[in-house]
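This report refers to the structure that appears directly beneath it.
Both counts, for ligands and for their atoms, begin at 1 and track the order of listing.
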Amino acid sequence: MKIAVFPGSFDPITKGHESIVKRALPLFDKIIVGIGENSSKSRMFTLEKRIAWIKATFATEKKIEVQTYKGLTVDFCKAQNANFILRGLRSTIDFEYEQPIAQMNNELNNNIESFFLITEPKYSAISSSIVKEIYKHGGDVSNFIPDTCKLY
Ligand code: ADP
């Protein structure tokens with residue numbers, strides 16, 4: 001079984017995340033969207049809401065599941081029998097951020113490969129942080145989040 005973990009905060013899930021998972025789907029038998037609970041980033045939306053939105057986004061996809069985890073991503077992967085970490089790249093800034101993480105993850109467990117997909121151009125400006133900023137000030141974020149998600 002080829003199992004990938006797509007780790008992140010998903011605060012909230014965006015069309016960028018949705019697209020990466022859907023494009024990676026033919027390559028894996030299962031993709032686990034893993035919500036990491038211990039990063040230092042501050043969260044706007046509760047874990048329950050973030051889980052619900054991810055579930056709604058992939059409701060019709062049997063190969064995709066959602067889980068939360070604490071601790072190292074490589075340890076979570078091992079516990080899930082996942083040999084791949086899936087990440088999306090929007091820009092060289094993402095690349096510079098991701099490179100040492102992927103290299104260190106490889107040092108920690110060389111059975112786990114990081115796998116990167118470059119974002120579709122139409123989603124390259126979308127980030128959870130910008131969606132939060134727009135949402136906070138009452139702007140319309142519906143074009144940036146999956147169609148099945150209604151932020152509340
Ligand atoms: P993190 O807090 O780990 O950065 P995010 O939830 O922000 O988690 O993102 C999870 C993954 O999705 C990361 O690999 C990130 O680069 C990727 N990602 C975020 N937004 C987009 C987008 N618009 N297009 C493609 N990938 C994206």
Is the shortest N/O to N/O distance between [X] and ligand 1 below 3.5 Å?
X	result
D11	no
R90	yes
R87	yes
S127	no
S124	no
H17	yes

So is E98 touching ligand 1 or not, going by heavy atoms under 4.0 Å?
yes
Non-hydrogen atoms of P7 versus ligand 1: any pair closer than 4.0 Å?
yes
Closest non-hydrogen atom pair between N81 and I3, with its separation:
O-CD1, 3.6 Å
In ligand 1, which numbered atoms sit nearer than 4.0 Å to a non-hydrogen atom of [X]?
X	answer
F10	6 (O)
F6	11 (C), 12 (O)
S9	1 (P), 2 (O), 5 (P), 6 (O), 8 (O)
Y123	22 (C), 23 (N)
G8	3 (O), 6 (O), 8 (O), 10 (C)
D94	16 (O)

Look only at the side chain of [X] and the backbone of [Y], and say whether a donor-acceptor pair between them is shorter than 3.5 Å.
X	Y	value
T119	P121	no
T57	W53	yes
N109	V74	no

Could you see which bit of K15 sits under 4.0 Å from ligand 1, with heavy atoms only: side chain, backbone, both or neither?
neither
Measuring from atom 15 (C) of ligand 1, which candidate in G88, G16, S19 has the nearest non-hydrogen atom?
G88
Identity of the nearest option to atom 24 (N) of ligand 1, non-hydrogen atoms only, from I85, I130, T119:
T119
Within a strict 4.5 Å, meaning less than it, do heavy atoms of the F95 and R90 side chains meet?
no
Just say parallel, tilted or perpendicular for the rings of F6 and H17, cut-offs at 30° and 60°.
perpendicular
